[in-house]
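Here's the structure we're looking at; comments come further down.
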Amino acid sequence: MRAIFISDLHLGEQDAITEARFDVFMRDVAPKANRLYVLGDLLHVWLGDALLARDAYARSICARFAELVSRGTKVFIARGNRDFMIAAAFAKACGAELLPSETIVTLGRHRALLLHGDELCTDDVAYQRARRVLRSAAFRVFGNSLPVVLRAAIARRLRRASEAHKAGTALNIMDANVDAIAKVMARHGVDCLIHGHTHRPAHHVLSGAGERWVLSDWQQDYGYLAWEEGHFAVHPWPASTVQPASL
Ligand SMILES: [Mn+2]
């Protein structure tokens, strides 16, 4: 079984390297996997599935996933903090299964927990407060009831507030909290945690037995995580997309 884990592509940011990586990844890499897990922030922003009808770019991304699924790779999509409005219609257009905020998978002898990762940044109290409101069922209903222009205006405001907050907050405050990691892993009885969000790709061996893989965003030259032949491996992005000069 070969499974690939990715997150934080932030597609739609008009970033040529990421677009090229996504294109080559979907063509050459993903079809060789049995399962592809997208652990949040596939899209830089998503204002609700009602937008699919008028967003040709989003539909083109869904079509790439649907094509992959038709070739035999199962696709699983989790919501991130930027695309938390992704719902059933978007997943259906991708031929994908929409994941809950916490998912457990068995990988060989490992029991692994899959998260986006923003829920681990518990030191960032202001962020967690905003998150509780934005990710609530009530906000989802409210957001989907608003006209698209208004949603876009609100998203821009939130984005500006988020940039200002990040600029004024220490990096370690915005990283995953060690206790939050231990707690969520213990609650699910897992020995492995895979998440994105922090943009600090790494493999951490945890003190209390277990490991934690932090996925890379797609703007860095780090690569993607795969589970294959009974072990984890980080693979570099397709070679043709590593050097911006080659685009
Ligand atoms: Mn995120």
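In listed order, ligands and their atoms are each counted from 1. Just the heavy atoms: all of them, side chains too, but no hydrogens, waters or symmetry mates, feed the values below.
For the Mn ion (ligand 1), protein N/O/S neighbours under 2.8 Å (waters excluded) are D41 OD2, N81 OD1, H116 NE2, H197 ND1.
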request  = Mind running side-chain contact (heavy atoms from CB on, under 4.5 Å) on M85 and V45 for me, showing each step along the way?
outcome  = CA-CA 9 Å; M85 295 282 284; V45 63; over 6 Å; no
request  = Would you please test H116 and F84 for ring-ring contact (aromatic ring centres under 6.0 Å, His included) and show each step?
outcome  = CA-CA 10 Å; H116 177 55; F84 63 91; over 10 Å; no
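Salt bridge D221/R21: present, at least one basic N to carboxylate O contact under 4.0 Å.
For the pairing with F65, the ring-ring contact (aromatic ring centres under 6.0 Å, His included) check across F25, F22, F90, F76 returns one residue only, F22.
The main-chain N or O of D23 is found under 3.5 Å from a side-chain atom of R64 such that the two form a donor-acceptor pair.
Applying the under-4.5 Å side-chain rule to Ile, Leu, Val, Met, Phe, Trp and Tyr, the cluster around Y127 consists of that residue alone.
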